[in-house]
Amino acid sequence: MKNKSDTALAAALWAQEDRLAPCVHCGFCLPACPTYVRLGDENDSPRGRLHLMRAVVEGRLAPDSQAFQTHIDRCLGCRACEPVCPSSVAYGVLLEAARESVFRARKTPFAARTLLAVFSSGVLTRWSMLLARIVRGLGFAGFAARSLPRGRTFHPVRFGLAMLEASRGRLRLEQSSDSGAAGASDYRAAGSAAPSGSVAAPSHGETPWKDGSRGRVAMLRGCVQAGLFARVNDASERVLRANGYQVVEVRGQGCCGALHTHAGDAVRARELARANVRALAAADVDFVAVNAAGCGAALKEYGHLLEADEECGEAAAALADSTRDISELIAGEAGRVGAPLPARVTYDAACHLCHAQGLREEPLMLLEAIPELVVLPLRDAEECCGGAGIYGITHAELGGEIGADKISAVVETGAEIVATGNPGCMMQIGAGLILDESDVITCHPVELLDESYRRAGFYDGR
Amino acid sequence: MADEPPSILPDPLTKELRDRLCGVVGDAWVIVDADRLLAYESDGLTAYRRTPRAVVLPKSTDEVSHVLSILSQEGIPVVPRGAGTGLSGGALADGDAVVVGTARMTSMLSLDPDNRLARVQPGMINANLTKAAEPFGLYYAPDPSSQSACTLGGNVAENSGGPHCLKYGVTTRYVTGLTVVTYDGEIVELGGFGRERGGYDLLGVFVGSEGCFGIATEIEVRLLPKPEGVRTLLAIFDRLEDAGTAVTEIMAEGLLPAALEIIDGPTIRAVEASVFAAGYPTDAEAALVVEFDGIEAGLAGDVERAVAQCSRAGAREVRTADSAEERLALWSGRKKAFGAMGQIANDLMVQDGTVPRSKLTEVLGRISEIGARYDLTIANVFHAGDGNLHPNLLFDRSNEDEVARVNRASKEIMAVCVEAGGTITGEHGVGLDKRRYMSLVHGPDELDAMRRIKWVFDPLGRMNPGKVLPDGPDDGKEAP
Ligand SMILES: Cc1cc2nc3c(=O)[nH]c(=O)nc-3n(C[C@H](O)[C@H](O)[C@H](O)COP(=O)(O)OP(=O)(O)OC[C@H]3O[C@@H](n4cnc5c(N)ncnc54)[C@H](O)[C@@H]3O)c2cc1C
Ligand code: SF4
Ligand code: SF4
């Protein structure tokens, strides 16, 4: 079966043969996998997918076969299978190689191709994000999503609109007039969360901005993040400054390429990565701060992505080393404590934070440090929400099932707010909540910290 | 072992048959596409590959019954499969057989804390049962090292044990009732709460039958109250023999630890290189884990006596785990040892033999001699308290000569165990792999008696054919 076309297609997987070998078939990864747990087919388990990859490498399975495509496509890329694997099989890296084979083997669907092309171009990204913001700004996305009939035909539009609506900042906590009321809080949905500084701030006797002595930081602005979640970027920047970092603006950076890597378009992913390496390396910073888990994981893996690149390889590895999730820079002893924020929040661990970056405690520590914020535990907090890029749209049924489980877990907690550190998850969970007519609000943990700082008056006079 | 070609190549099901099966379980749960069957060609023992004819994934006893009745009308053999963590090739199907998997049968059917009983579907994962029982202060005692992945159906079929079975006994002690579907789709109740009626213990016969008698579709088990206190200690030795001596002495003291586990030097180094590193010193040649549980009052004394015995046997250091976290880390290193072998070798053949405890040291010496003679790395992990050895023979499947040496060394190891008065399997079952050793331990009359018992459940030989019992008088004498 090892004919010429297969050889070309499977080249990416062959290059990873050594990473495939350590899988001893113990099965420990099976119960961690959201698709296996729900479907029960070995082909939809990490061990099964690795077995299919191995069959491709052994020349027993064609990389363009229906089976290979279907089961590799159906993987969420959540990487919950990695931390439980005693043999440390690098599933994420292998999945990328498998996706690259699939990508080369078939014509990627029109919609996905368009999306990838758009995000590869800075200009197109900005235009499409502007368009998205206009639609969102018209204010009917949520209403339209809820009124469209359920069912297959309308699902992509319905869910897409709900995701767009979910990207809106709805977080605006008002200081409780009676903060003595046990656990009670009141918040109000508002159109924009830009801090106005109108709330009377308690005096904390500290300088509002610290001196920047904790290091020079460049913010990865991202594509979707810059387009639809500018408020999270702004909040991150304020919070970093308030914690003594010097934030520098870096031009020439763009999309991190994670979407492309996950879709198997390694060529474009590398192009984007190179551009970012050049831009960010020139900035001479101590850290690159990222507030989108998926982008952070991608940056941290630039060293691997560009391992064969003679020109950029070294700089890529250095960039990967200096990359930090925002929570890593803020949480812990040195983190500044703001004003009370009486509200009930629950925290959903984004896969690309907890599984891919191994960051479990930091975001929780960040939340727990906010006075009077009650953090309620979320059942299966580390299970994927089904977002996984556009999985909710491409795999409506399974993605819907996984998403619905997450929504019921969130609602069960009785929280008013669910915080999660990835734009995709914010939109996925937010969309689910909107379609469920729930009034639980979705936000990024850093937005809550920012609000607490604003109330503390850290930003006054700026 | 290793890949002798399957005797029968998969023969696709007819469309009519496929449609009938789809009618019972739904289209998505009947797998016939040759490419998709590849994932089912191995279980936890990757030395073998067998592609089944099809895989069917039913959801309930009724569906299993319908599926088996349809297959039996066509004369098609059936192989049950749980999570595929088995280490004797038990869940593999030679081309003519259809795998019936329990991966979708994961529900808790009832949990009765007052009577300390649970009734579950067979696809429920062992560890999930304990998780569900925890709020009631209860747990499920048999704890195979694979407990986070293996199913209760697989446990019943293999009569699985685990580190704590030294004190608590293996699966069969906890199974109180079963609903079983036989090859022709008949639903049979064995035992069950309030149904003990005297007569022969058919339930006991079914437990450990390795999928050769029927498919367990509902399992009723006894739960235990969680012990009041637990103490774990770890002793590090520079010589494997000394650890063996410590085990003998601890038992001779009249102590009854809940678990007594040894992992040897090569295994320590594999575990420490993995994400489950438990902080064992990598230059040591043995680590002995001893655990006591029960009423708080007696524990401190037990630990003290065990520590004394370890020191006397020559332990370099003895640590006690104080926090629950440390205990977990100690255990995690031991329980993930098999998986962690992937850190040091691409393929491994885990053997499973049992010897009288008093012969442990001698047998270990002979195993290491066999390893040296065949130029193979052998990493040992074992339930020392039960004399249950797990020599892991490390190899690379692409090296044909090495595969052949693993083969011969495995056979010699089995022979050594039998010679020492032990047997060819402690807990992983006979399955496909150990069938050829059966005549080392059982005479023709005994094998014949076993055949007759199977006949009662499966007169036409349709359940898990080619497993456990050697087919003819020659089968089992000569390993390939
Ligand atoms: C890392 C590792 C550690 C292990 N540690 C231990 C240990 O400490 N102790 C131990 O005893 N074993 C151990 N094992 C072996 C294995 O986990 C057990 O044998 C387990 O019980 C198999 O369960 P399974 O669900 O994976 O069954 P499978 O491997 O799928 O099947 C095993 C056998 O059971 C039959 N079967 C499965 N389900 C049913 C059913 N519902 N009805 C009838 N027959 C059925 C199959 O036909 C097959 O013959 C270990 C394995 C691994 C990989
Ligand atoms: S846990 Fe790791 S070694 Fe075990 S089957 Fe999964 S990927 Fe393979
Ligand atoms: S990445 Fe997630 S969905 Fe994919 S195999 Fe691993 S656990 Fe399953």
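Reminder, nothing fancy here: chain letters follow the sequence lines and each chain counts from 1.
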Open item on the list: Under a 4.5 Å cutoff for heavy-atom pairs, which residue among A:Q66, A:H71, A:R54, A:R49 has the most contacts with chain B?
Closed with: A:H71

Task: Most contacts with chain A, counted as non-hydrogen pairs under 4.5 angstrom, among B:G123, B:S42, B:A270, B:A28 - done: B:S42

Task: Distance-only donor-acceptor check, side chains A:Y36 and A:D41, under 3.5 Å - done: no

Task: Ionic contact status for A:E328 with A:K300, cut-off 4.0 Å - done: yes

Task: Contact origin within B:I31 toward chain A - heavy atom pairs under 4.5 Å - done: side chain

Task: Under 4.5 Å from a heavy atom of chain A, the part of B:D43 involved - done: backbone

Open item on the list: Only pairs of heavy atoms separated by less than 4.5 Å count here; which of A:L39, A:L30, A:L50, A:L52 has the most with chain B?
Closed with: A:L39

Open item on the list: Checking side-chain contact (heavy atoms from CB on, under 4.5 Å) between A:C78 and each of A:C354, A:C384, A:C385, A:C33, which is the one that passes?
Closed with: A:C384

TODO: Indicate whether any N or O donor in one side chain lies under 3.5 Å from an N or O acceptor in the other, for A:R47 and B:T85.
DONE: no

- [ ] Go through the atoms of B:L348 and report whether side chain, backbone, both or neither lie under 4.5 Å from a heavy atom of chain A.
- [x] side chain

Open item on the list: Run A:R74 and A:Q69 through side-chain contact (heavy atoms from CB on, under 4.5 Å) and show every step you take.
Closed with: CA-CA 8 Å; A:R74 210 176 272 162; A:Q69 295 192 11; over 6 Å; no

- [ ] Flag the one option from A:P83, A:G48, A:P31 with the top tally of heavy-atom pairs under 4.5 Å to chain B.
- [x] A:P31

